[in-house]
Structures are given as structure tokens and as C-alpha cells.
Amino acid sequence: MTGQARLAAFERMLADVPQNYTELIARLERLKEEGKTKSATFRQYLGNKMTCQYVLSLYRDYGLLEENDTEVS
């Protein structure tokens, strides 16, 4: 992978992780409303949300995202 291709892939990831995080929050809320908080799907989404939170915090630590970009809750 060339340097340009690698940078482009990173830029896509930098844009996609906050979007995925937002989508996961919405899915979790929907499952909560349906009373499915003990389902395997809910737990998988919760694990994915926590992974996104970690990646977003790393992005912030390295100055790749501003503090107010995609609030981590």
C-alpha cells in the first residue's frame, strides 16, 4: 500500500468511526425501548460502542479530533 493510499484509508476511517458510533447509539436506544437489553444483539452493539469510544479517545489523545467532536458518553 502506497503512502497516499494509506493516508486515504486512514482519512476514511477517521470519518467512519464517529458515524458508526452515532449509529450504534441509535441502535442501542431502539433495543432499550423494545426491552431487549439482555439480547445477544444488544450486547454486541454495546461492545462495538465501547470499541468506538476507545478509538475516538485515541484520536483525541493524538490531536486528530477536537474535544467536542462526537461526544463520548
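No experiment lies behind these values; they were computed from the predicted model shown.
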Point to revise | Tyr62-Leu7 co-clustered via ILVMFWY side chain contacts under 4.5 Å | key: no
Exercise for review: Under the side chain to side chain contact (heavy atoms under 4.5 Å, CB included) rule, what do Asn20 and Glu23 come out as? Steps first, then yes or no, please.
Suggested key: CA-CA 5 Å; Asn20 289 341; Glu23 290 171 6; 4.0 Å; yes
Point to revise | Carboxylate-amine/guanidinium proximity below 4.0 Å for Glu29 and Lys32 | key: yes
For residues 9-16, dump all side-chain donor-acceptor pairs below 3.5 Å to protein atoms at least two apart in sequence or in another chain.
none

Exercise for review: Output the distance between atom CD (Gln19) and atom CG (Leu24), rounded to the nearest 0.5 Å.
Suggested key: 10.5 Å
Please list, one pair per line, the donor and acceptor atoms closer than 3.5 Å that link side chains of residues 36-46 to other protein atoms, with sequence neighbours excluded.
| unit_1 | atom_1 | unit_2 | atom_2 | d |
| --- | --- | --- | --- | --- |
| Lys36 | NZ | Glu34 | OE1 | 3.4 |
| Ser39 | OG | Lys36 | O | 2.9 |
| Ser39 | OG | Phe42 | N | 3.1 |
| Arg43 | NE | Lys38 | O | 3.4 |
| Gln44 | NE2 | Asn48 | OD1 | 3.2 |

Point to revise | Heavy-atom pair of closest approach, residues Arg6 and Met1 | key: CA-SD, 3.5 Å
Review point. Quick one: do Ile25 and Val55 end up in the same hydrophobic cluster if we chain Ile, Leu, Val, Met, Phe, Trp and Tyr together by side-chain heavy atoms under 4.5 Å apart?
Key: yes
Revision key, fill the gap. d(Met50 CE, Tyr21 OH) to nearest 0.5 Å is 10.5 Å
